[in-house]
J.: 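Before anything else, here's the structure in question.
Every chain is numbered from 1, with letters handed out A, B, ... down the list of sequences. What you are looking at is a predicted structure, and each value in this text was computed from that prediction instead of being measured.
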Number of protein chains: 2
Amino acid sequence: MKNGKVTMSDVAKRAGVDISTVSRVLNSSFEKHKYSDKTVAKVRKAVDKLGYHPSLVARSLRTGKTMLLGMVMSDIGNPFFSEMAFHLDGIMGEYGYRLIVCNTNEDPERQEEHIVGMLAHGVDGLIVSPSGKRGLDRIENSDVPLVVIDRPLSNGFSFVGLDNVLAGKMVAQKLKAHNYRRIGVVMPDSKEDLTLQERLDGLKTGLKDEGCILSWKVCIPPTAVAGEESHRAIVNKLKKELDYPDAIVGITNVCTLNIISSLEELDLVWGESLGVVGIDDFTAASIVRPSITVVGQPIKRIAEESFALLLKQIKEDKKKLKKETVLVEPVWHCRKSLPVR
Amino acid sequence: MKNGKVTMSDVAKRAGVDISTVSRVLNSSFEKHKYSDKTVAKVRKAVDKLGYHPSLVARSLRTGKTMLLGMVMSDIGNPFFSEMAFHLDGIMGEYGYRLIVCNTNEDPERQEEHIVGMLAHGVDGLIVSPSGKRGLDRIENSDVPLVVIDRPLSNGFSFVGLDNVLAGKMVAQKLKAHNYRRIGVVMPDSKEDLTLQERLDGLKTGLKDEGCILSWKVCIPPTAVAGEESHRAIVNKLKKELDYPDAIVGITNVCTLNIISSLEELDLVWGESLGVVGIDDFTAASIVRPSITVVGQPIKRIAEESFALLLKQIKEDKKKLKKETVLVEPVWHCRKSLPVR
DNA sequence: AACAAACATACAATCGTTTGTTTAAGAAGC
DNA sequence: GCTTCTTAAACAAACGATTGTATGTTTGTT
């Protein structure tokens with residue numbers, strides 16, 4: 001009561017009842033314990049008068065549930081993740097959960113630290129977009145539910161993410177439909193990230209099915225941001241080619257970004273002399289002129305599915321539930337860079 | 001021990017010492033209590049063997065500190081806020097604090113709900129970018145430290161944000177320095193937001209001091225996104241003017257965005273036929289061609305100052321500390337839209 | 001050898017809830 | 001009128017840590 005904090009026993013005292021009575025009235029747990037209307041009223045009044053709010057810390061200690069869900073993300077600055085956080089916050093709020101976030105900045109060590117920290121804080125579940133495997137085992141050993149997003153891990157954690165093979169295929173189909181035949185592709189040079197391979201595989205088989213030709217492929221450094229070196233590689237490739245392809249595909253948003261800055265340098269206007277299409281959306285895509293057509297991730301759905309998986313694990317309690325993988329369908333953002341020819 | 005959770009008393013049991021011994025060894029609180037090396041070693045070993053991590057929930061209950069800091073933001077999708085979260089997460093992490101975020105989506109009701117929720121969760125401090133005043137009084141009544149960011153509130157909360165008058169002045173000075181004389185300005189039509197008035201005032205006095213002329217002013221609807229109506233207003237204004245101004249100033253990023261889409265429609269190339277400069281940075285500014293010169297907010301500094309203020313309040317405990325206002329200096333992002341003429 | 005001072009550790013209360021188990025009345029049955 | 005149910009409310013034990021105080025051992029001093 002002093003120090004600004006009103007506790008349950010203050011309420012009990014003022015209402016002239018026992019603290020357990022207050023608790024049960026407030027939680028409406030009347031199954032085994034009925035209370036007279038008079039008592040209930042007394043309690044309610046005392047609560048209002050004192051402006052009582054239960055301490056979630058104490059409740060958590062007693063119940064073992066904190067109603068906190070943790071999100072460990074690899075790059076909080078990336079719009080994909082902030083949008084993800086936006087949707088998650090909205091959805092889980094309806095269920096009374098609150099979101100704790102942290103940012104690993106792609107650093108596996110920080111990832112582990114953060115995971116340990118979140119577990120110590122007693123989160124009821126974790127959503128992780130992993131930068132490597134470090135720390136994930138900690139979650140597995142605890143029995144805190146976990147859903148991995150964005151990048152699948154070879155270990156069998158529950159996962160929600162894009163159907164990358166399908167994304168590649170969709171690009172191939174769209175290219176064909178819009179009458180592009182000779183296709184160039186730019187992709188990051190990373191063996192580890194199977195996501196990329198899947199996209200490429202989908203694209204390749206798709207192109208073959210559609211009777212298109214993969215004219216060339218350029219690999220660029222697997223950095224998170226567009227860079228001079230990548231840029232150079234693409235320009236060189238284009239200069240060396242005798243004739244340009246009909247269209248260029250960016251396997252990731254960074255690739256696509258590099259493509260457009262290269263074309264700018266060569267004074268080629270995408271959407272006119274040649275088409276450009278990317279996998280994964282990015283802010284600039286709708287801003288540059290002409291705007292860039294991409295297949296993107298349905299972020300809201302990913303958020304919904306992740307939360308649903310998490311909630312199921314929380315409710316069914318044990319992680320005896322077998323791990324589930326949810327692949328979501330990519331969505332087209334049709335803009336100006338891939339007109340019908 | 002069962003149920004996967006290892007508690008302090010498990011450690012004590014295994015080490016054959018009292019639980020208080022474990023606590024003090026782990027917290028290195030040796031001022032009043034010295035322990036033999038042997039005991040310390042025993043404890044450490046037991047901790048390692050069992051993989052013990054203290055329950056922050058229990059600790060919070062006992063100590064009254066959760067080591068959680070809450071950030072209530074008006075729009076998590078806005079890069080300003082996600083960058084803010086990024087820096088905050090980084091800084092406070094070094095001090096052992098963890099970040100809880102929530103998103104009000106500019107809805108005062110959700111703001112109040114979230115504030116109540118965060119207080120119930122026992123956060124040690126709050127950083128709020130307010131959408132109205134609702135709920136702020138709750139914080140004031142509790143004795144949880146509060147720092148308001150982004151938009152100052154007439155109530156005297158501690159505040160960190162941009163020096164808007166200075167921002168206006170800086171724009172005026174730059175315009176003069178680059179030889180622009182006749183200036184048009186676009187600003188949102190909102191009486192409430194004093195931020196905007198300050199910017200305009202700074203600009204006006206600055207222009208006067210520099211001997212420039214405020215040629216015209218257009219007010220657009222105060223929406224959060226660029227829109228058709230705003231766009232139209234600007235186009236009309238420009239068409240009606242007999243001769244164009246030397247440069248146009250966007251008072252907010254949304255204004256600037258509207259300016260460039262209007263100019264696009266009129267087939268005017270900014271940075272050539274006329275200059276464009278904005279207050280507040282935005283993603284597109286560096287992406288459109290020519291890129292847009294703006295004075296922006298030093299987000300990292302805002303994060304640092306907010307945390308510093310919060311920490312000071314937390315340490316000096318009482319909110320008896322008088323409220324402080326920190327105005328940070330805007331920073332130039334000089335790009336291509338305002339070349340020297 | 002006696003006595004205090006310093007050291008090493010244990011005991012026990014507490015933080016604010018939830019929740020299983022009593023207790024104290026009234027009401028009902030005979 | 002006495003036992004037996006209900007019903008309404010109180011009692012008390014957790015949850016897992018921190019921390020003030022008490023206790024039992026050494027060590028040092030004379």
Side-chain angles (χ1 to χ4, degrees), chain A residues 1-44 46-47 50-67 119-122 124 142, chain B residues 1-44 46-47 50-67 119-122 124 142:
Chain A
M1 182 78 169
K2 50 197 56 173
N3 194 19
K5 289 277 170 260
V6 180
T7 80
M8 204 152 179
S9 84
D10 296 322
V11 174
K13 217 164 289 167
R14 186 171 225 273
V17 299
D18 188 77
I19 178 175
S20 61
T21 306
V22 177
S23 174
R24 282 192 253 256
V25 166
L26 258 39
N27 295 311
S28 320
S29 47
F30 295 137
E31 306 92 55
K32 305 236 59 173
H33 296 266
K34 304 241 1 131
Y35 289 100
S36 66
D37 294 352
K38 206 177 70 181
T39 305
V40 170
K42 274 194 299 186
V43 170
R44 292 259 143 77
V47 165
L50 297 174
Y52 167 76
H53 290 274
S55 153
L56 299 192
V57 174
R59 174 179 293 168
S60 297
L61 180 58
R62 180 61 232 243
T63 62
K65 303 267 154 235
T66 55
M67 299 308 278
L119 290 177
H121 261 297
D124 292 342
S142 79
Chain B
M1 184 79 170
K2 52 197 54 171
N3 193 21
K5 287 280 171 256
V6 180
T7 81
M8 201 151 183
S9 84
D10 294 323
V11 175
K13 216 164 289 167
R14 186 172 225 273
V17 300
D18 188 79
I19 178 174
S20 62
T21 306
V22 177
S23 174
R24 281 192 255 255
V25 166
L26 258 40
N27 294 311
S28 320
S29 45
F30 296 137
E31 307 92 55
K32 305 236 60 173
H33 298 266
K34 304 239 1 127
Y35 290 99
S36 67
D37 295 351
K38 206 178 69 182
T39 304
V40 170
K42 274 195 299 188
V43 170
R44 291 259 143 77
V47 165
L50 297 174
Y52 167 76
H53 290 274
S55 153
L56 299 192
V57 174
R59 174 180 293 169
S60 298
L61 180 59
R62 178 62 230 242
T63 62
K65 304 266 153 238
T66 55
M67 298 309 278
L119 290 177
H121 261 298
D124 292 342
S142 80

J.: Please examine the side chains of B:Arg44 and B:Val25, heavy atoms only from C-beta on, and report whether any two atoms are closer than 4.5 Å.
T.: yes
J.: Atom OG of B:Ser55 and atom CG of B:Leu61: how far apart are they, to the nearest 0.5 Å?
T.: 9.5 Å
J.: Considering all heavy atoms of both residues, which atom of B:Ala46 and which atom of B:Ala15 are nearest to each other, and what is their separation?
T.: CB-CB, 3.9 Å
J.: Roughly how far, to the nearest 0.5 Å, is CE of B:Met67 from CZ of B:Arg59?
T.: 9.0 Å
J.: What residues in residues 35-43 of chain B put a non-hydrogen atom under 4.0 Å from any atom of DNA chain D?
T.: none
J.: Is it true that a side-chain atom of B:Thr66 and a backbone atom of B:Gly122 form a donor plus acceptor pair closer than 3.5 Å?
T.: yes
J.: Strictly distance-based, threshold 3.5 Å: is any side-chain N or O of B:Ser60 a donor or acceptor partner for the main-chain N or O of A:Val57?
T.: no
J.: Given B:Val17, which of B:Val11, B:Val40, B:Val22 fulfils the side-chain contact (heavy atoms from CB on, under 4.5 Å) condition?
T.: B:Val22
J.: Answer yes or no: is there a donor N or O on one side and an acceptor on the other, between the side chain of A:Asn27 and the main chain of A:Ser23, under 3.5 Å?
T.: yes
J.: If a protein heavy atom is under 4.0 Å from the base, mark B; if only from the sugar-phosphate, S; if neither, -; do that for nucleotides 15-20 of chain C going 5' to 3'.
T.: BBBBBB
J.: Does some side-chain heavy atom of A:Tyr52 sit less than 4.5 Å from a side-chain heavy atom of A:Leu26?
T.: yes
J.: Between A:Thr21 and A:Thr39, is there a side-chain heavy-atom distance shorter than 4.5 Å?
T.: yes
J.: Just report the end-to-end axis angle for the helix from C:dA1-D:dT30 to C:dC30-D:dG1, five pairs per end, to 10 degrees.
T.: 60°
